[in-house]
Amino acid sequence: AEASKQAPTWTEESCRNWFKTFVNFDLEEKDCINFEGLEKFCEDIGISVQGFEVLVLCFKLNCKRMGFIEESEFLDGMRSLKCWETAQLKPLLQQLSLQILHDQKTFNEFFKWCFDFTKESDQRTIGIDISIEMFKVIFQLDAATLNNKKSNTSASNNPHIKKFIEFLQYKQKEEGLKALNRDQWNSFVEFSAQIDKNCSNYDYQGS
């Protein structure tokens, strides 16, 4: 009798029922989780709706719009993760977050995805203020870190992010820089992967 019992497996029905618990059916869009539903989802998982882990979740679900999760994104993503309930997702999300932070290739993919996820669909750039706030989330920087009250504690241990944020703020204030395009956004993580902490191997003449 014990041998005939099968462990629960992912089914579209169980996953769709899970999805529906976060959908507001009073709204026009009944096939997506809106920001209010996302807040409830994050609360159930035990993460901040404005934190790093919700970005990881949206990355793994390949979400296209910030603050929304389409039904197809939810079903396809959870099928890939073999996940259909909150209790499974909590430890899985911690594991996925660590993978992104400790695997440079995966982090690069995540970082580049964040550009498309953050920008408005009809825009080619992201405003400087929004870019800076996103960098703070991606690299898990808090106010104390940025104000030199403790050493850099960014989870990805990026030695250049603080200086890069200061550079953007300077360019914004002194030269009127308004936004970053895709190439500018992507160039930071490429620069970080090639240049050491003290920039001793940086060719200023070749830049």
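Every heavy atom of this structure was used, including side-chain atoms; hydrogens, water molecules and symmetry mates were not.
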Are Q172 and D129 close enough, and set up right, to give a side chain to side chain contact (heavy atoms under 4.5 Å, CB included), and what steps lead you there? CA-CA 9 Å; Q172 181 186 39; D129 290 335; 3.1 Å; yes
Test side chain to side chain contact (heavy atoms under 4.5 Å, CB included) applied to F22 and I69, step by step: CA-CA 10 Å; F22 305 106; I69 303 177; over 6 Å; no
Given W10 and C83, is the side chain to side chain contact (heavy atoms under 4.5 Å, CB included) satisfied, shown in steps? CA-CA 6 Å; W10 188 95; C83 182; 5.6 Å; no
Full working for side chain to side chain contact (heavy atoms under 4.5 Å, CB included) between I138 and C114: CA-CA 9 Å; I138 292 169; C114 282; 3.8 Å; yes
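Judged by distance alone, with hydrogens and angles left aside, the side-chain atoms of S80 form no donor-acceptor pair with the main-chain N or O of D76 at under 3.5 Å. A donor-acceptor pair under 3.5 Å links the side-chain atoms of K119 to the main chain of Q123, judged by distance alone. The main-chain N or O of I126 is never found under 3.5 Å from a side-chain atom of W185 such that the two would form a donor-acceptor pair. Judged by distance alone, with hydrogens and angles left aside, the side-chain atoms of E73 form a donor-acceptor pair with the main-chain N or O of E70 at under 3.5 Å. When atom types are taken as modelled, the side chain of Q88 and the backbone of W84 share a donor-acceptor pair closer than 3.5 angstrom. A distance-only check finds a donor-acceptor pair linking the side chain of S14 to the backbone of T11 [under 3.5 Å].
Dense packing is recorded around CD of E109, with more than 12 heavy atoms of other residues, nucleotides or ligands lying under 6.0 Å away. More than 12 heavy atoms of other residues, nucleotides or ligands sit less than 6.0 Å from atom CD of E174.
In plain terms, the two heavy atoms of T125 and F115 that are nearest each other are CA-CZ, 4.3 Å. Of all non-hydrogen atoms in S97 and F52, the two that sit nearest each other are CB-CE2, 3.9 Å. Of all heavy-atom pairs spanning R65 and C32, the tightest one is NH2-SG, 4.0 Å. For K20 against F25, the heavy-atom pair with the smallest separation is O-CE1, 3.7 Å. Shown here for G77 and L61, the closest heavy-atom pair between the two residues is CA-CD2, 3.6 Å. What you find for F117 and C63 is that their closest heavy atoms are CD1-O, 3.6 Å.
The CD1 atom of I100 lies 8.5 Å from the CH2 atom of W113; values are rounded to the nearest 0.5 Å. Atom CZ in F139 sits 8.5 Å away from atom CD1 in I165 (nearest 0.5 Å). For the atom pair NZ (K171) and CG (L168), the distance works out to 10.0 Å, reported to the nearest 0.5 Å. To the nearest 0.5 Å, atoms CZ (F167) and NE2 (H160) are separated by 14.0 Å. Rounded to the nearest 0.5 Å, atoms CG (L81) and CG (L89) are 7.5 Å apart. Taking CD1 from I130 and OG1 from T118, the interatomic distance works out to 8.5 Å, rounded to the nearest 0.5 Å.
Annotation: side chain of K136 is in contact with side chain of I132 (closest heavy-atom distance under 4.5 Å). Residues I128 and Q169 fail the side-chain proximity criterion, which asks for heavy atoms closer than 4.5 Å. You'll find the side chain of C42 stays beyond 4.5 Å of the side chain of E53, heavy atoms only. Annotation: side chain of D116 is not in contact with side chain of K64 (no heavy-atom distance under 4.5 Å). Looking at heavy atoms from C-beta onward, L96 lies in side-chain contact with Q99 at the 4.5 angstrom threshold. By the 4.5 Å heavy-atom criterion applied to side chains, Q104 and F107 are counted as neighbours. Proximity of L180 to F135: side-chain heavy atoms (C-beta onward) are separated by under 4.5 Å at one or more points. Put simply, the side chain of L55 reaches to within 4.5 Å of the side chain of M134, judged on heavy atoms.
V56 and F68 end up in different hydrophobic clusters when Ile, Leu, Val, Met, Phe, Trp and Tyr side chains are linked at under 4.5 Å. Residues L98 and L57 do not share a hydrophobic cluster, defined by chaining ILVMFWY side chains whose heavy atoms lie under 4.5 Å apart. Residue F35 is grouped with residue I33 when hydrophobic side chains (ILVMFWY) are merged at heavy-atom distances under 4.5 angstrom, including chains of intermediate members.
Using bins of under 30°, 30° to 60° and over 60° for the plane-to-plane angle, the ring pair F41/W18 lands in the perpendicular bin. Between F111 and F188, the ring planes are tilted. Angles from 30° to 60° get that label.
Geometrically, R16 does not engage F19 in a cation-pi contact defined by less than 6.0 Å to the ring centre and at most 45° from the axis.
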